[in-house]
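Below: one structure, written as structure tokens.
Numbered from 1 within each chain, the chains take letters A, B, ... in sequence-line order.
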2 protein chains.
Amino acid sequence: MSAARGRGRPRDPETDTAILTAALELFVERGVEGTSMEQVAKRAGVGKLTVYRRWNSKEELIAQAVEQWVSAEVTPSAADVYALSPQAIVEHVLPPAAEMAASVGFRALVARIMGCAVSHPELMAIYWKHYILPRRELAAAMLRRAQQDGTVAADADLDVLIDMMAGAVTYRVLQPDPPDATEMLRYLTSVYRQAGLYPPAG
Amino acid sequence: MSAARGRGRPRDPETDTAILTAALELFVERGVEGTSMEQVAKRAGVGKLTVYRRWNSKEELIAQAVEQWVSAEVTPSAADVYALSPQAIVEHVLPPAAEMAASVGFRALVARIMGCAVSHPELMAIYWKHYILPRRELAAAMLRRAQQDGTVAADADLDVLIDMMAGAVTYRVLQPDPPDATEMLRYLTSVYRQAGLYPPAG
DNA sequence: ATTTATTAACGGATCGGGTTCGTAAACATA
DNA sequence: TATGTTTACGAACCCGATCCGTTAATAAAT
């Protein structure tokens with residue numbers, strides 16, 4: 001990946017980002033089937049050959065565009081789980097998560113990725129590996145600690161419980177009439193409370 | 001809707017179903033953006049005009065095809081909730097639900113509908129109204145009864161809890177490496193148990 | 001005979017993938 | 001600096017496929 005300083009004219013790195021950005025936008029707007037290399041090149045302000053030189057297929061390009069996007073997000077450190085109080089963690093994690101989940105861009109991208117689950121499993125796999133799994137690790141750590149504290153049943157199936165939490169959010173986000181950030185925060189709080197990660201309302 | 005016995009040659013009702021079936025198949029295979037009226041006509045073995053005479057646009061056609069499919073499924077009677085024991089209900093509801101959720105057709109259709117949440121909200125709305133809402137009613141009735149029995153917390157937010165249950169299943173179904181029917185039944189049982197609708201494992 | 005349904009064919013236009021061509025930008029060597 | 005080599009780049013091009021919407025001719029009913 002490093003610029004090995006080849007012989008001839010080096011590739012313009014801004015061209016890469018322009019193509020990836022255009023590809024991601026088009027994927028979100030029109031889906032895989034509705035996107036073409038020609039559209040990508042046009043929107044990126046670039047010749048088609050420039051796209052073809054770097055990616056052999058639409059699928060590969062979109063996959064990398066998605067990977068770049070979902071990998072850009074940072075997960076709160078898993079070490080914090082043991083350094084802070086459970087309640088502090090939750091209160092630290094939830095507001096940015098609500099902001100994220102309520103944003104139109106996130107909603108649109110998640111919808112498209114879910115829509116590809118069967119037809120383009122690679123995209124789902126990328127999303128799963130780079131976005132979901134790190135957050136599951138964090139959630140698992142929180143739940144294990146909550147089990148020690150007794151607020152989550154010791155015999156609970158954590159994988160299922162995590163699915164319920166993450167699934168509820170995804171599900172809610174894709175519903176008709178999706179929530180705004182404020183409502184989403186309330187919703188997340190309710191989910192965490194139901195799971196046993198947050199004390200009952202006072 | 002009734003055949004009002006018009007003057008000229010009557011429409012062939014089998015043509016309608018052939019078109020709707022073709023449209024649904026193509027939607028599942030290629031999504032809205034990847035489907036065209038021409039493809040639908042070809043797959044249905046029908047002239048394009050025959051399609052255009054009945055539906056003005058691809059979107060309307062696909063919407064009706066989806067509506068027909070999701071409406072074909074029957075919900076277990078909500079009255080049963082009060083006639084049977086909670087455990088009997090669950091044991092009656094879960095196996096067919098697992099079968100359904102694990103089928104490839106269901107998985108593919110749900111993925112496509114989720115994928116349209118932003119770009120074609122009308123499809124999501126149809127799915128929501130005809131498929132999700134009736135099942136939510138049933139789940140709500142079960143949960144209310146469980147609240148009376150004390151297995152679900154009295155102050156639980158049922159809407160959120162239903163989202164967690166339904167969301168977990170949807171989420172699980174769309175994951176890479178989806179479960180088969182047997183695994184799905186185990187999964188559903190675990191979800192119901194976590195929610196308080198099923199007794200802990202013995 | 002009239003009305004409607006249906007298929008096949010057509011037309012016009014766009015789009016799509018993939019290539020070619022002339023040019024620009026970085027090297028290398030002298 | 002000067003010159004040649006190598007790679008990158010955008011625009012134009014080619015050609016087949018597709019797509020939408022219409023028209024014309026036929027079929028099935030009243």
Side-chain angles (χ1 to χ4, degrees), chain A residues 1-65 112 116 119-120 122-123, chain B residues 1-65 112 116 119-120:
Chain A
M1 269 301 173
S2 61
R5 220 66 195 101
R7 294 261 277 131
R9 171 177 174 177
R11 291 187 183 169
D12 185 349
E14 289 191 18
T15 299
D16 292 70
T17 66
I19 294 172
L20 286 170
T21 301
L24 189 69
E25 286 177 7
L26 285 166
F27 168 61
V28 168
E29 290 173 20
R30 315 184 185 184
V32 175
E33 292 86 355
T35 300
S36 71
M37 293 295 248
E38 189 148 1
Q39 290 166 354
V40 171
K42 185 175 182 181
R43 181 170 299 201
V46 142
K48 269 194 289 187
L49 182 58
T50 306
V51 180
Y52 276 114
R53 194 192 308 279
R54 294 157 204 238
W55 291 277
N56 291 321
S57 73
K58 183 173 70 173
E59 285 77 12
E60 287 176 29
L61 169 56
I62 292 177
Q64 192 167 340
R112 286 296 183 189
C116 292
S119 56
H120 297 85
E122 350 59 92
L123 292 182
Chain B
M1 268 300 175
S2 63
R5 219 63 193 106
R7 293 260 276 131
R9 171 177 174 176
R11 290 188 184 171
D12 184 350
E14 290 191 17
T15 299
D16 292 70
T17 66
I19 294 172
L20 286 170
T21 301
L24 189 69
E25 286 177 7
L26 285 166
F27 167 62
V28 168
E29 289 173 21
R30 314 183 185 184
V32 176
E33 293 85 355
T35 299
S36 70
M37 294 294 249
E38 190 145 359
Q39 289 167 357
V40 171
K42 186 175 180 180
R43 182 169 300 201
V46 143
K48 268 195 291 186
L49 183 59
T50 306
V51 180
Y52 275 113
R53 192 192 306 280
R54 293 158 203 235
W55 292 277
N56 292 321
S57 73
K58 181 174 71 173
E59 285 76 13
E60 288 176 30
L61 169 56
I62 293 177
Q64 191 167 343
R112 286 295 183 191
C116 291
S119 56
H120 297 85

Applying side chain to side chain donor-acceptor pair (under 3.5 Å), name anything that partners [X], two or more places apart in sequence or on another chain.
X	value
B:R11	none
B:D12	none
A:R9	none

Separation of atom [atom1] in [X] from atom [atom2] in [N], rounded to whole Å:
X	N	atom1	atom2	answer
A:R43	C:dC15	CZ	P	14 Å
B:E38	C:dT14	CD	C1'	13 Å
B:R9	C:dT4	CZ	C1'	9 Å
A:K42	C:dT14	NZ	P	11 Å

Is any side-chain N or O of A:R11 closer than 4.0 Å to OP1 or OP2 of D:dA8? yes
Under 4.0 Å between a side-chain N or O of B:Q39 and OP1 or OP2 of D:dC19? yes
What I'd like to find out is whether the side chain of B:L24 reaches to under 4.5 Å of the side chain of B:L20, using heavy atoms alone. no
Heavy atoms of B:M37 and B:V51 approach each other most closely as CE-CG1, 3.9 Å
What one should report as the nearest heavy-atom pair of B:T35 and B:K58 is O-CD, 2.9 Å
In residues 46-62 of chain A, which residues come under 4.0 Å of DNA chain D by heavy atom? A:V46, A:G47, A:L49, A:T50, A:R53, A:R54
Contact list for DNA chain D against residues 15-36 of chain A - heavy-atom distance below 4.0 Å: A:T15
Please tabulate, for side-chain N and O atoms in residues 40-50 of chain A, each donor-acceptor pair with protein atoms closer than 3.5 Å (sequence neighbours left out).
{"residue": "A:R43", "atom": "NH1", "partner": "A:E25", "partner atom": "OE1", "Å": "3.0"}
{"residue": "A:R43", "atom": "NH1", "partner": "A:E29", "partner atom": "OE2", "Å": "2.9"}
{"residue": "A:R43", "atom": "NH2", "partner": "A:E29", "partner atom": "OE1", "Å": "3.1"}

Of all residues at least two apart in sequence or in a different chain, which pass the side chain to side chain contact (heavy atoms under 4.5 Å, CB included) check with B:E59? B:V32, B:S57, B:H120, B:E122
Could you check which of D:dA29, C:dT3, D:dC9 has an atom nearest any side-chain atom of A:D12? D:dC9
